[in-house]
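Notes to accompany the following structure.
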Amino acid sequence: MTAGAGDRVALVTGAGSATGIGFACAQVLAREGAAVAVCSTTDRIQERVAELTATGAQAAGFVGDLTDRPKTRTLIDQVLRRFGRVDILVNNAGMVTVGEPDQDDPAFAELDDDAWDRAIAMNLTTAYNVTRAVFPDMLERGWGRVVMVSSVTGPVVTAPATAGYSAAKAGMDGLMRALSLEGGPRGVLVNSVAPGWIASGSQLPEEATAGIHTPLGRSGTPLEIAEVVGFLASDRASYLTGQSLVVDGGNTIQEIKGS
């Protein structure tokens, strides 16, 4: 346990779905001994808390819109009142928000300003808002781990009609690198995990088909992403900062796909 997340407090955003990466991250961090604060946009987060506490984990759930800066600060204040500090931050929130319609962005030439702003807010501003609220205290205490759950889409590859999402995820990695330079000398390590095709509950049929054409012949699982996050959050990754770890079953190294 000493090499993992024991005696630490972790905050995982975007953890409301039982089949998502965020909840899998919370499970791994709890398994390694961390107390876990999880948050989402709806009260379903309390169902995830019940699942965590049933395994003996110390956990609490919080509801808030992380695109809203004042509401984010309020949520962080609630976490701090409950746990006292945040040692490990996993920025997983983004992409799909429960209660909002699932929207496909048009091609960039037809993209309206609201759709652009929404993509940036959900996938980049959320990470900024939460990290800005907890990073100074990590620096002051001389220890911290920040893990961005980015994507291969944007930082490594892209697809049609994903301009906003791609820009936001690439921005997450840029933010990660800047913070790693500021945090490293003071014991705060900042990295990203870039998932490829992942068989979460929100995976679309065409994405599942694409996963079949990876070198491993399948999509990854949320737990496989979470295990990498757990490593980055631990003392085992004590000399690793400013890096993006691609976890995509080798998909992005292929020149020829679909054969």
Side-chain angles (χ1 to χ4, degrees), residues 12-29 31 40 44 47-48 51 90-98 100-108 110-111 115 118-119 122-124 126-127 147-173 176 191-233 243-259:
V12 183
T13 70
S17 171
T19 60
I21 291 172
F23 183 54
C25 290
Q27 290 174 303
V28 167
L29 292 168
R31 183 195 71 198
S40 74
R44 69 174 177 166
E47 298 172 10
R48 307 289 80 77
E51 292 177 65
V90 180
N91 280 310
N92 175 69
M95 195 170 176
V96 176
T97 298
V98 174
E100 292 187 8
D102 191 12
Q103 300 176 8
D104 292 326
D105 288 342
F108 184 75
E110 288 81 42
L111 186 66
R118 179 176 180 272
M122 292 182 66
N123 297 288
L124 179 57
T126 51
V147 183
M148 307 287 189
V149 180
S150 179
S151 176
V152 294
T153 305
V156 183
V157 295
T158 193
T162 62
Y165 181 83
S166 294
K169 289 298 188 180
M172 285 184 78
D173 275 5
M176 171 271 292
N191 293 285
S192 291
V193 176
W197 304 118
I198 303 300
S200 66
S202 62
Q203 187 180 50
L204 300 173
E206 57 266 31
E207 294 172 338
T209 298
I212 295 172
H213 297 295
T214 67
L216 297 189
R218 62 176 178 85
S219 295
T221 68
L223 181 59
E224 287 173 315
I225 302 301
E227 293 288 2
V228 180
V229 171
F231 165 69
L232 291 174
Q243 303 303 309
S244 177
L245 302 187
V246 173
V247 187
D248 73 340
N251 192 49
T252 53
I253 66 169
Q254 298 182 110
E255 284 195 77
I256 300 173
K257 295 181 173 68
S259 58

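None of these values were measured; they are calculated from a predicted model.
- Smallest separation of non-hydrogen atoms from Ser219 and Gln203: OG-NE2, 3.0 Å.
- Going from atom CD1 of Ile198 over to atom OG1 of Thr19 covers 12.0 Å, rounded to the nearest 0.5 Å.
- For Asn191, there are no side-chain hydrogen bond (donor to acceptor under 3.5 Å, both in side chains) partners, not counting sequence neighbours.
- For Lys169 (side chain) and Val149 (main-chain N/O), a donor-acceptor pair under 3.5 Å exists by modelled atom type.
- Residues Val90 and Leu29 meet the side-chain proximity criterion, which asks for heavy atoms closer than 4.5 Å.
- One finds the CH2 atom of Trp197 at 10.5 Å from the CG atom of Asp248 (value rounded to the nearest 0.5 Å).
- Between Ala168 and Ala119, the shortest heavy-atom distance links the atoms CB-O, 3.8 Å.
- The shortest side-chain heavy-atom distance between Val193 and Val147 falls under the 4.5 Å cut-off.
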### Task
Could you walk me through whether Thr153 and Thr158 pass side chain to side chain donor-acceptor pair (under 3.5 Å), step by step?
CA-CA 5 Å; Thr153 305; Thr158 193; over 6 Å; no

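- Between Ala107 and Ala161, the closest heavy-atom pair is N-CB, 4.1 Å.
- Looking at heavy atoms from C-beta onward, Tyr165 lies in side-chain contact with Asn123 at the 4.5 angstrom threshold.
- Checked against side-chain hydrogen bond (donor to acceptor under 3.5 Å, both in side chains), Thr214 has no partners two or more places apart in sequence or in another chain.
- Between the side chain of Ser166 and the backbone N or O of Ala163, no donor-acceptor pair lies under 3.5 Å.
- The side-chain hydrogen bond (donor to acceptor under 3.5 Å, both in side chains) search around Ser192 returns Asp173, not counting sequence neighbours.
- Note that the CE atom of Met172 and the OG atom of Ser151 stand 9.5 Å from one another [nearest 0.5 Å].
- Shown here for Pro222 and Ala199, the closest heavy-atom pair between the two residues is CD-O, 3.7 Å.
- Each of Ile225, Val229, Val12, Leu223 was evaluated against Val28; a single residue qualifies, Leu223, per the side-chain contact (heavy atoms from CB on, under 4.5 Å) test.
- Identified under the salt bridge (charged side-chain N to carboxylate O under 4.0 Å, His left out) test for residues 207-220, with sequence neighbours left out: Arg218-Glu224.
- Closest of all the heavy-atom pairs between Pro195 and Ser150 is CD-O, 3.4 Å.
- Taking 4.0 Å as the cut-off between side-chain N and carboxylate O, Glu47 and Arg44 do not count as a salt-bridged pair.
- For Glu227, the salt bridge (Lys or Arg N to Asp or Glu O under 4.0 Å) partners two or more places apart in sequence, or in a different chain, are Arg31.
- Gln254 contributes a side-chain N or O that, together with a main-chain N or O of His213, makes up a donor-acceptor pair within less than 3.5 Å.
- A donor-acceptor pair under 3.5 Å is formed between the side chain of Thr13 and the backbone N or O of Asn92.
- Residues forming a side-chain hydrogen bond (donor to acceptor under 3.5 Å, both in side chains) with Asn91 (at least two apart in sequence, or on another chain): Thr131.
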